Amino acid sequence: MCLSIPAKVEVINGEMAVVSVGGTKYNASLQMLDDVKIGDYILMHTGFAIQKLTAEEAAESLLVFKEFEELNEKLDIEEKETGKRIV
Amino acid sequence: MKFIDEYRDKDLVQKLVEHIKRVSKKQISLMEVCGGHTMSIQKFGIPFLLPGTIKLISGPGCPVCVSDRKYIDQAIAYARLDDVIIATYGDLIRVPGSTSTLDQEKASGADVRIVYSVLDALKIARDNLNKKIVFLGIGFETTAPGSAVGVINANMEGISNFYLFSSHKIMPPAMEALIDEGVKLDGYIAPGHVSAITGTSIYKRIPEKYRLGVVISGFEPVDLLKAILMLVYQIEKNDPKVEIAYTRVVKPEGNIKAQQMLEEVFELRDDWWRGLGVLPKSGLKVREKYADHDAEIQIPVKVEPTREDKGCICGEILKGIKNPKDCKLFAKACTPENPVGACMVSHEGSCHAYYRYNRD
């Protein structure tokens, strides 16, 4: 029911936009979201843009995973050196 | 697809799983309260990736499943009126009422139309001025703002034949009711798209009052595993709080414009939830100001007596007390082709998700 998909804004015409989801075009209302620009990615739900997707946040959250990865590797090394399970 | 593919990355999934296995020591149960999460968790086989210390249980996050059968019966009663066109999301069409479904009514000649958006329902209203268009408003905080826009637009444009029949509900009262009922839980995986609208503040009572963590998750495997990892951290450190794992979509303040539209059109009322009964201030009723567009007020209709099916344990499944496989009807008398209860009809119902992805 709450299914929403990321879509790229291609055309804006007043309160309506044409958005693209993996190449397929849909109409989306911009009535619930201010300051939408062409090229923005929005989250679309039942024909409405409900939130903007932020590329910086997306990149950052993937970076956080890299930190986990590094932490895991460090812990592996430490465990090997000390012979003890750390976490 | 951008913003999706990178969150299905196999290596990243393996790294996250490895990390969860390292950090998780206590035996815990985490509940997801979004039907979309239930689907993703089963589809991607998340339970099979997790260590034995973590149990995932599904909660009351499928709006179609938790809604009263009386709501479907009333929608069917509207459909039987000659001057009414029902406009509905596809999710509701096959949900069994007491003696019929909207699909069966359509086959018998009722004008029932599946729409993708309330904006389509408004168009039907503009094109059929001699008919009453009843839009079935179902869903949580993600979907309710769309219905609010429908009412606001109808009011502004003078589309007097558009009526909303609201079954909209809000999530937090059910999340608190489950803990009050004593369902054993250690943390909530909170709904991503509800939170895209509401922000984080709606959950703050859960760590404050119940000392349970809440982490808002997205719908891809990496999103879900990240949310689980964050909850495990909170639990191991005994530091429950509200956190966002789905930062590319959810802002702490949510979508303020959508919240204002909800506030403009709806007020809270007590509402009935399958499995939980009547929860105070958990449903959304159209405000008196917009009574001209409220189907419940403008279109009086006689509704047949509600009849529930025997043997269906949907209510207990929605509370997380039982699993679909505990039901005697599951995958025998009750299948997606021939559903007994709403949890098997809706694609995001637990029974449907288990039937499709985790039947054996």
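Small disclaimer: the values here were computed from a predicted structure and weren't measured.
Contacts between Leu33(A) and chain B at a heavy-atom distance below 4.5 Å involve backbone atoms as well as side-chain atoms. The contact between Pro145(B) and chain A is made by backbone and side chain atoms together, counting heavy-atom distances below 4.5 Å. Both the backbone and the side chain of Ile50(A) come within contact range of chain B, with heavy atoms under 4.5 Å apart. Both the backbone and the side chain of Ile138(B) have a heavy atom closer than 4.5 Å to some heavy atom of chain A. Contact of Asp91(B) with chain A is made through the side chain alone, with heavy-atom distances under 4.5 Å. Heavy atoms closer than 4.5 Å to chain A are found in the side chain of Asn153(B), but not in its backbone. With a 4.5 angstrom heavy-atom cutoff, Glu348(B) touches chain A only via side-chain atoms. Proximity to chain A (any heavy atom under 4.5 Å) is shown, for Tyr116(B), by both the backbone and the side chain. Within the 4.5 angstrom heavy-atom criterion, no atom of Lys8(A) approaches chain B.
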Start with the C-alpha gap between His193(B) and Tyr246(B), add the side-chain angles, then the distance that decides, and say whether ring pair (Phe, Tyr, Trp, His ring centres under 6.0 Å) holds. CA-CA 10 Å; His193(B) 296 148; Tyr246(B) 194 25; 5.6 Å; yes
Step-by-step side chain to side chain donor-acceptor pair (under 3.5 Å) determination, Thr198(B) to Tyr203(B)
CA-CA 10 Å; Thr198(B) 64; Tyr203(B) 307 113; 4.6 Å; no
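The two residues Phe135(B) and Ala121(B) come nearest to each other via the heavy atoms CD1-CB, 3.8 Å. Between Gly137(B) and Ser147(B), the shortest heavy-atom distance links the atoms CA-OG, 4.0 Å.
Contact tally against chain A (heavy-atom pairs below 4.5 Å) for Gly139(B), Ala148(B), Cys34(B), Gly146(B): the top residue is Gly146(B). For the set Pro6(A), Ser29(A), Ser4(A), Gly23(A), the entry with the most heavy-atom pairs within less than 4.5 Å of chain B is Ser4(A). Counting heavy-atom pairs closer than 4.5 Å to chain A, the top residue among Lys251(B), Glu141(B), His347(B), Met261(B) is Lys251(B).
A side chain to side chain contact (heavy atoms under 4.5 Å, CB included) with Glu32(B) holds for exactly one of Ile228(B), Leu224(B), Ile41(B); it is Ile41(B).
Around NZ of Lys43(B), the count of heavy atoms belonging to other residues, nucleotides or ligands within 6.0 Å does not exceed 12.
Judged by distance alone, the side chains of His45(A) and Thr143(B) do bring a donor and an acceptor atom under 3.5 Å apart.
Electrostatic pairing of Arg248(B) and Asp223(B) counts as a salt bridge here, judged by a charged N lying under 4.0 Å from a carboxylate O.
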